[in-house]
Amino acid sequence: QNKRTFGSGVFEPFNGTNFYVRSNCPFTLTRFTNNRVGCDITIRRGDNGLLVQLDIIINKVRTVVQNGSIIVEEKSVSLPYHHTYQHIFHYGIYTRLRSSLLPLSVTWRSVPGGIDTMMVELEQELSTDMSGLCGKHTVIGNKQLITESVIAEDTCQTRDPVSPVNTECRKFLSYTLDCLQAETPRYIQLCEENIYGYEKSKYIGCAFFKEIVKLCGRERFIWHRWRSLTKCEEPSCPGNLVYTDEGQAFLPSCSNPSPTLSNQELISSCLCPRDQVLNDRADGYLCVPLPECCCVFAGKSYINGDVRSTKCQSCVCDSGKWQCSENLCPTGCVIEGPFVTTFDGKQYVIPGKCSYVASQCHNWTITIVFSEKAPSLTTVVLQLFQETYIFLKNTVKFGGEEITELHQSDHALVFWESSMYVRVHTSFGMNFQVQMSPEIQLYISASRNHTGLCGNNNDDTTDDFTTSSGIIENSAQPFSRSWSVGSCAVDIPSTCINTDNEIYADEKCSVLNNPTGIFAECHGHIPTNHYHTACIQRTCNCGSSVTQCLCVALGSYAKACASLGVVVGDWRKATNCTLKCQKNLEFSYNMQACNHTCSSLSGADPRCGLGHAPVEGCGCPEGTHLNKGQSCTPKAECPCYHHRCTNGKVCVHCSEDPMNTAQKTCDYISKPTGASRTCESGCYCPYDQYEDHHGNCASLSNCTCVYSGKVFSAGQQVKTNCKTCICGQGQWHCQDEPCPGQCQVYGNGHYQTFDSKWYRFAGQCQYTLVEDDCGNRNGTFSVRVESVPCCDEALTCSRSIILDLQGKVTLTLSDMKVTRRLHEDWTLQEDSLYSTHTLGLYIVIAVPSRGITLIWDKHTRLTIELHEYWRNQVCGLCGNFDSNEMNDLLISGSAVSSPLAFGNSWKAATPPCSDVTTEIFPCERHSYCSAWAQRRCMILTGDTFKDCHLKVDPDPYYFACVQESCSCEFEGKFLGFCTAVAAYAEACSDQDVQCI
């Protein structure tokens with residue numbers, strides 16, 4: 001449904017015949033209320049006949065178009081403009097306002113002096129009554145209608161139309177007889193009324209002629225001749241754009257070369273010449289061939305062919321997009337306090353201050369020990385063949401002797417890189433680095449086929465939580481505890497336990513996110529969100545000096561940046577984290593061990609040529625060497641050293657006789673080899689039998705297994721994480737089993753991808769959730785979503801969803817119902833392509849032939865299920881469904897991405913909408929809600945759901961719940977808390993846990 005006004009006062013209402021009003025008074029064009037959302041559009045023409053003021057009020061938000069400016073809420077805005085309730089953007093040669101609350105768009109064309117054409121479109125029939133000049137009236141041109149719609153002022157006038165004979169009107173309309181037919185006399189009258197007094201205007205008459213030509217259509221005689229008949233010039237276009245009467249509303253650009261949607265109308269537009277796109281990454285309106293488009297990274301522009309490189313990867317600018325090489329840096333495991341990043345990149349938090357096997361293989365084991373007082377490491381133990389190395393704060397021991405500089409054996413080279421780091425370089429490819437101060441932290445690189453807290457390094461994050469008994473857990477707690485050496489209590493708090501520390505942490509850790517701060521150079525390479533969270537939690541729960549804990553956390557980000565070759569500058573000085581060096585040693589961010597000691601002068605230094613990057617810490621400056629007294633001396637003052645071959649001493653273990661009590665349980669069978677081997681007196685099972693998890697004696701073949709806190713007998717099976725696992729001899733034996741992928745989004749932008757990656761992106765535009773096009777231009781389906789604004793007492797918060805089965809049908813889920821639009825040349829078949837049914841509170845849409853299911857709660861929560869055969873075939877906000885959560889947020893052609901950049905990259909090309917530039921945390925905006933929200937959401941981590949905690953990690957659901965509960969100043973119809981709790985309850989139900 002369209003209504004419009006053009007020229008000097010021609011009106012085309014929703015219902016009825018066109019009429020003319022000559023007035024410089026303000027008029028109500030339309031006024032109505034739909035679903036408690038009010039709309040009021042008023043207009044005013046000037047003495048030049050053009051509209052000089054357009055006033056649009058939707059849900060109390062006022063937009064004024066006047067003097068060539070657009071003013072929203074009394075502030076001038078630039079386009080494209082995004083507001084919670086509306087979008088304003090260029091639409092061909094027009095400007096369009098699209099409401100997010102009503103099925104309504106307002107489109108206008110600005111010319112010098114005002115607006116010559118304006119149109120209001122309703123996307124669906126409204127049941128409400130409308131008032132105003134273009135309301136739903138059957139009486140045409142009624143003076144009472146004009147009287148009721150005018151907004152009286154003393155200084156304005158409404159006059160009766162005058163229509164003297166105008167030869168230009170009659171000549172033009174003589175060419176439209178095949179179109180207008182019997183209506184021609186009425187249009188002659190309208191034309192003469194419109195043009196009277198404005199014969200010299202470039203816009204009044206031409207606006208009328210153009211609308212008549214559009215009414216007749218391109219197949220009519222008048223279409224190609226009207227401009228020469230009327231002397232109406234084509235609109236001028238900026239730059240080297242070219243005008244067309246029928247073209248795309250949205251310009252192809254370097255950022256988006258193919259913005260066309262299947263249902264996009266053709267309108268008057270300024271387009272680039274053939275085979276060119278708009279260079280929207282430069283000022284002005286310049287069209288260029290696609291290969292000449294520049295690329296942008298971290299706010300900097302690069303021309304076609306430019307290369308940007310890090311230590312690990314190089315990227316080439318190719319036709320406006322980055323084409324990047326494979327990441328050449330080896331994957332590594334990082335253990336920084338309780339925060340662990342596995343070899344495959346999965347990140348989690350260790351739950352208890354215990355001893356764990358960090359990583360192990362058939363010939364080595366790395367064990368870590370936490371402090372009993374604080375969530376930080378006190379000891380790292382490396383068991384390498386028959387060698388044992390112990391790393392304590394600022395001390396490394398081998399066989400009871402301290403290593404002060406270097407130790408070399410048949411299997412390993414252990415040496416100090418600086419005062420802060422010790423490196424272990426093995427003969428078989430396993431290498432690791434230990435930060436020795438101010439806190440012990442661990443960095444491991446190794447080949448595949450190993451187990452422990454660090455995972456297995458197989459490029460599959462879905463099996464990173466494989467326990468010591470061989471089954472994959474769903475949460476960090478049972479997984480971590482399975483790798484504990486001995487019993488392990490959950491005693492590391494997941495939230496801040498000290499208010500003063502929390503205030504300090506919030507203030508100081510924010511330096512990581514400062515866009516102009518010392519770390520900003522690295523933001524484009526490594527997102528700060530994980531490091532910012534770790535910084536706050538480590539500083540909050542610090543056991544000693546909060547300043548030291550803060551500096552350690554900031555150093556973790558600086559080290560990650562340095563590993564890519566990104567230098568962030570003197571961050572220690574900028575954050576008051578400077579280190580004091582002993583004796584005459586000096587601090588440097590680029591300390592190298594090679595040839596920097598007196599002993600290295602006696603022969604070839606084994607520390608050279610290993611390919612390790614420089615580290616920070618204290619050491620000797622160039623031209624000096626470290627002597628035995630740990631001070632720096634000139635080369636001439638170094639004493640003579642002679643290397644001696646030292647193979648180390650044999651480490652004595654406990655006796656391994658048949659009655660070793662530590663081996664007498666089924667639980668021990670699956671424990672890591674570094675588990676306790678002590679002998680203790682007590683009652684144990686006889687020879688060849690083991691104590692099962694029920695306390696009974698059983699043979700090895702009848703040993704029980706444990707999964708998520710439950711005991712399973714030999715032969716019983718469990719299905720988890722796309723695997724079927726059978727208990728046998730105390731171990732789980734698992735086989736892959738195809739299973740569907742599931743992605744969900746709810747509330748103010750909480751996403752869980754097909755590969756179980758959680759992130760938050762609160763965009764207000766339309767975004768692609770999942771599609772199979774992925775740049776190939778041969779896609780068969782797409783799912784797009786758009787949030788309907790929340791936090792308004794008058795509104796029911798929901799999410800608008802569009803399922804496009806390309807070439808067939810488009811389904812729109814909005815306003816608690818499903819609407820259908822059949823594509824051209826396709827009709828419903830006897831065997832239906834899809835089915836729609838209601839299941840409890842949900843609407844379920846199934847497309848069996850394509851393996852797609854949508855489950856919608858009619859509000860903000862949407863779940864998408866895809867058949868196994870879509871694996872590695874899709875993309876969008878739901879990720880790529882390849883079992884690796886670490887690449888879910890990667891933008892095509894780029895090495896890394898933040899949730900903001902990733903979310904913006906999947907913004908629908910049409911209509912234009914501004915990027916989200918700042919992540920808003922609702923609990924910071926509504927700080928008084930924070931404590932209340934945390935108390936309410938503790939239902940997820942409390943006893944109500946305790947039976948589910950070991951199967952579904954509650955932490956991401958808890959954090960989402962807190963943010964959702966803070967989103968609005970009142971509950972209203974948002975239901976954020978309830979939706980968040982329901983999401984966790986359903987996840988528990990999927991794991992066969994009935995919590996309530």
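These figures come from a predicted structure and were not determined experimentally.
Distance check for Cys666 and Cys705: the SG atoms are not under the 2.5 Å cut-off.
The backbone N or O of Glu737 lies less than 3.5 Å from no partner atom in the side chain of Thr724, so there is not a single donor-acceptor pair. Panel note: side chain Thr378, backbone Val369; a donor-acceptor pair is recorded below 3.5 Å. A distance-only check finds no donor-acceptor pair linking the side chain of Ser371 to the backbone of Ser376 [under 3.5 Å]. Judged by distance alone, with hydrogens and angles left aside, the side-chain atoms of Ser468 form a donor-acceptor pair with the main-chain N or O of Ser482 at under 3.5 Å. Ser708 places a side-chain N or O within donor-acceptor distance of the main-chain N or O of Leu950, the cut-off being under 3.5 Å. Under a 3.5 Å cut-off, the side chain of His867 and the backbone N or O of Tyr869 do form a donor-acceptor pair. Between the side chain of Thr753 and the backbone N or O of Trp758, no donor-acceptor pair lies under 3.5 Å. Counting only distance, with no hydrogens or angles, the side chain of Ser556 and the backbone of Val552 share a donor-acceptor pair below 3.5 Å. Checked by atom type and distance alone, the side chain of Thr467 pairs as donor or acceptor with a backbone atom of Ile471 at under 3.5 Å. For Gln716 (side chain) and Ser713 (main-chain N/O), a donor-acceptor pair under 3.5 Å exists by modelled atom type.
Scanning for side-chain contact (heavy atoms from CB on, under 4.5 Å) contacts around Ile440 gives Leu377, Val380, Val434, with sequence neighbours left out. Contacts of Thr462 classified as side chain to side chain donor-acceptor pair (under 3.5 Å), with partners at least two apart in sequence or in another chain: Asp460. Here Asp464 pairs with Thr342 under the side chain to side chain donor-acceptor pair (under 3.5 Å) rule; sequence neighbours left out. Scored by the side-chain contact (heavy atoms from CB on, under 4.5 Å) test, Leu392 finds Thr379, Ile390, Thr395 as partners (sequence neighbours excluded). Partners of Thr495 according to the side-chain contact (heavy atoms from CB on, under 4.5 Å) rule, which considers only residues two or more places apart in sequence or in another chain, are Tyr958. Every residue meeting the side chain to side chain donor-acceptor pair (under 3.5 Å) condition with Tyr389, not counting sequence neighbours, appears here in chain and number order: Glu387, His407. Partners of Lys710 according to the salt bridge (Lys or Arg N to Asp or Glu O under 4.0 Å) rule, which considers only residues two or more places apart in sequence or in another chain, do not exist here. Applying the salt bridge (Lys or Arg N to Asp or Glu O under 4.0 Å) test to Arg481 and every residue at least two apart in sequence or in another chain returns nothing. For Glu439, the salt bridge (Lys or Arg N to Asp or Glu O under 4.0 Å) partners at least two apart in sequence or on another chain are Arg538. A search for side chain to side chain donor-acceptor pair (under 3.5 Å) contacts involving Ser701 returns Ser699, not counting sequence neighbours. A search for salt bridge (Lys or Arg N to Asp or Glu O under 4.0 Å) contacts involving Asp736 returns Lys723, not counting sequence neighbours.
One finds the OG atom of Ser883 at 10.0 Å from the CG atom of Asp888 (value rounded to the nearest 0.5 Å). Distance CG/Asn363 to CD/Gln386: 11.0 Å, rounded to 0.5 Å. To the nearest 0.5 Å, atom CG of residue Leu862 and atom CH2 of residue Trp856 are 9.0 Å apart. From Asn456, atom CG reaches atom SG of Cys333 across 11.5 Å, with rounding to the nearest 0.5 Å. Summarising the geometry, atom SG belonging to Cys535 is positioned 11.0 Å from atom NE2 belonging to His530; distances are rounded to the nearest 0.5 Å.
Between Leu382 and Thr388, every side-chain heavy-atom pair lies at or beyond the 4.5 Å cut-off. Contact check for Ser475 versus His949: no side-chain heavy atoms found under the 4.5 Å cut-off. The shortest side-chain heavy-atom distance between Val952 and Tyr957 falls under the 4.5 Å cut-off. Between Tyr557 and His532, the closest side-chain pair of non-hydrogen atoms is not below 4.5 Å. In this structure the side chain of Asp943 never reaches within 4.5 angstrom of the side chain of Phe945, judged on heavy atoms. Side-chain atoms of Val770 and Phe781, non-hydrogen and from C-beta on, do get closer than 4.5 Å to each other. Here the side chains of Gln477 and Asp953 are not in contact, with every heavy-atom distance at 4.5 Å or above. Side-chain atoms of Cys937 and Ser965, non-hydrogen and from C-beta on, do get closer than 4.5 Å to each other.
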For this session: With side-chain contact (heavy atoms from CB on, under 4.5 Å) as the test, would you mind laying out the steps for Phe712 and Trp732 before giving the verdict?
Result: CA-CA 10 Å; Phe712 293 81; Trp732 288 105; 3.8 Å; yes
Exercise. Can Glu964 and His750 be said to form a side-chain hydrogen bond (donor to acceptor under 3.5 Å, both in side chains), step by step?
Worked result: CA-CA 9 Å; Glu964 290 301 297; His750 294 279; 2.9 Å; yes
Problem set entry | Steps toward side-chain contact (heavy atoms from CB on, under 4.5 Å) verdict (Ile852, Leu866) | CA-CA 5 Å; Ile852 306 168; Leu866 292 185; 3.9 Å; yes
Problem set entry | Verdict with reasoning, Tyr984 to Cys961, per side-chain contact (heavy atoms from CB on, under 4.5 Å) | CA-CA 10 Å; Tyr984 186 65; Cys961 176; over 6 Å; no
Exercise. What do the steps show when you test Cys878 against Val745 for side-chain contact (heavy atoms from CB on, under 4.5 Å), and what is the final call?
Worked result: CA-CA 9 Å; Cys878 279; Val745 55; over 6 Å; no
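Shortest non-hydrogen contact noted between Cys739 and Arg871 is O-NH2, 3.7 Å. Nearest heavy atom pair, residue Ser469 against residue Gln731, reads O-OE1, 3.4 Å. Of all non-hydrogen atoms in Tyr746 and Ala960, the two that sit nearest each other are OH-CB, 3.5 Å. Listed here is the closest heavy atom pair of Pro338 and Pro375: CD-O, 3.2 Å.
A tilted orientation is assigned to the rings of Tyr751 and Phe761, their planes being inclined by 30° to 60°. Phe754 and Phe881 have tilted rings, their planes meeting at an angle from 30° to 60° on a 0 to 90° scale. Using bins of under 30°, 30° to 60° and over 60° for the plane-to-plane angle, the ring pair His450/Trp364 lands in the tilted bin.
With no hydrogens or angles considered, no side-chain donor-acceptor pair links Glu473 and Tyr707 at under 3.5 Å. Asn457 and Thr331 share a donor-acceptor pair across their side chains, judged by distance under 3.5 Å alone. Under the 3.5 Å distance criterion, with hydrogens and angles disregarded, no donor-acceptor pair is assigned to the side chains of Asn884 and Asp344.
Within a 6.0 Å radius of CG in Leu841, other residues, nucleotides and ligands contribute 12 heavy atoms or fewer. Remark: Met886 CE is packed, more than 12 non-hydrogen atoms of other residues, nucleotides or ligands lying under 6.0 Å away.
Within the structure, salt bridge (charged side-chain N to carboxylate O under 4.0 Å, His left out) pairs that include any residue of residues 346-355 comprise Lys346-Glu885, Lys353-Asp491 (at least two apart or interchain).
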